[in-house]
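A quick note: this is a predicted structure, and the numbers were derived from the prediction, not measured. Quick note on labels: first sequence line is chain A, next is B, and so on, each numbered from 1. All values below were derived from every heavy atom in this structure, side-chain atoms included, with hydrogens, water molecules and symmetry-related copies excluded.
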Amino acid sequence: VRALGVFSGTVGAGFMYFNGDNASSNYSIHTLHGDGGSAGASAAINQNEGKFTAVAGTTSTAPTAMVMDILDYADTNKYKTTRHIFAWDNNADGYVEFASNLWRSTSAITSITFRPANSFATNTHFALYGIKGA
Amino acid sequence: MASTYTPIATTTLGSAQSSYTFSSISGSYTDLILVFNGTCATGTTSMNITVNSDTGSNYSMTRLYGSGSAAFSERQSNVASMIIGISSNSQSINIVQFQNYSNTTTYKTVLSRQNVPSDSSIAVAAAVGLWRSTAAISSMTITTPPYNLQTGSTFTLYGIAAA
């Protein structure tokens, strides 16, 4: 998934979930992040949803960018792991996040939902690409 | 089905030079991916990009990096180029993604992943850069100031086609 998000005001937390599963504590996340002044790491387990950012702020003219890889999304023998880089910079502040999400389900992924704490604004752009098997 | 990673141009430097420019970039893709695999003349320095020959103070950058023993973060505002990569006299690899590069509504945000595998001061990094312009990107120039890009350095530009 590749996204170029425009947010109306502060981004805040951003959440994501697969196949409509957002109430069963099936997600965990680990992040490594930096805000230009310091670096940190975080973890959360048994979450109802995955996350694609912990906290951030941006402006409508300085989009937030994300690239997320979802590995073996159709494999029914393993839980699903994602990795992503999520970042924004508005000249005054900035934020970079490396993270992984685990969805504890062996189901093939057939839908992905992104849910910002606030709103996606006009001109937000998502693209989903598939990588074929070798 | 749309294709991904369409090669637009690739170059291997036959001699050392101070910069390399991709020009006349088509606006027909959704994203651009720049891959730099190369070296600069001396030490470790940044890999910088200017867009559309704009050398005004219209760029900013936030970076997260690890040295192998600790993690750091830094940023720069109102600078004359996007300091979006790292380079050294040993090998370095930088992969930079320009998202929605031809839209004329928003400023341009780019993501990069960087590493210098054999350098002890900066080992691996990720960064976000901003060019405060709504113009479509049609050219980009890569430098590693104050050093030259070295012979054998490769630059490849891919386009990701619209879905």
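Around atom CZ of B:R113, no more than 12 heavy atoms belonging to other residues, nucleotides or ligands sit under 6.0 Å away. Residue A:R83 places its CZ atom among 12 or fewer non-hydrogen atoms of other residues, nucleotides or ligands, all under 6.0 Å distant. Environment of OH in A:Y73: sparse, with no more than 12 heavy atoms of neighbouring residues, nucleotides or ligands closer than 6.0 Å. Within 6.0 Å of CG in A:L71 there are more than 12 heavy atoms belonging to other residues, nucleotides or ligands.
Here B:S73 is the residue among B:S73, B:S60, B:A126 with the most heavy-atom pairs under 4.5 Å with chain A. Comparing A:V96, A:L32, A:V67 by heavy-atom pairs within less than 4.5 Å of chain B, the highest count is held by A:V96.
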Problem set entry | Test side chain to side chain contact (heavy atoms under 4.5 Å, CB included) applied to B:T109 and A:T64, step by step | CA-CA 7 Å; B:T109 299; A:T64 296; over 6 Å; no

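Judged by distance alone, the side chain of B:N78 and the main-chain N or O of A:N91 form no donor-acceptor pair under 3.5 Å.
Annotation for A:G36 and B:T62: closest pair N-CG2, 3.7 Å, computed over non-hydrogen atoms.
Taking CG of A:D35 as the reference point, atom CZ of B:R75 lies at 9.0 Å (rounded to 0.5 Å). To the nearest 0.5 Å, the span separating CD on B:Q76 from CG on A:D89 amounts to 10.5 Å. Of the inter-residue distances, the one linking B:T105 atom OG1 with A:H125 atom NE2 reads 11.0 Å to the nearest 0.5 angstrom.
With a threshold of 4.5 angstrom between heavy atoms, A:A92 approaches chain B through N, CA, C or O but not through any side-chain atom. For B:A70, no part sits under 4.5 Å from any heavy atom of chain A, backbone or side chain. Heavy-atom distances place no part of B:N58 under 4.5 Å from chain A, backbone and side chain included. Using a 4.5 Å cut-off between heavy atoms, B:S133 does not touch chain A at all.
A:F114 and A:Y17 fall within the same hydrophobic cluster, defined by Ile, Leu, Val, Met, Phe, Trp and Tyr side-chain heavy atoms under 4.5 Å apart, directly or through other members. Residues A:F15 and A:L102 do not share a hydrophobic cluster, defined by chaining ILVMFWY side chains whose heavy atoms lie under 4.5 Å apart. Both B:F36 and B:Y101 belong to a common hydrophobic cluster when Ile, Leu, Val, Met, Phe, Trp and Tyr are linked at side-chain heavy-atom distances under 4.5 angstrom. Hydrophobic clustering places B:I49 together with B:F22 (ILVMFWY residues linked when any side-chain heavy atoms are closer than 4.5 Å, directly or through intermediates). Note on A:Y79: it does not cluster hydrophobically with A:I109, by side-chain heavy-atom contacts below 4.5 Å among ILVMFWY residues.
Of the listed residues (B:V128, B:L111, B:L64), just one forms a side-chain contact (heavy atoms from CB on, under 4.5 Å) with A:I85, and that residue is B:L111.
Proximity of B:T30 to A:Y129: side-chain heavy atoms (C-beta onward) are separated by under 4.5 Å at one or more points.
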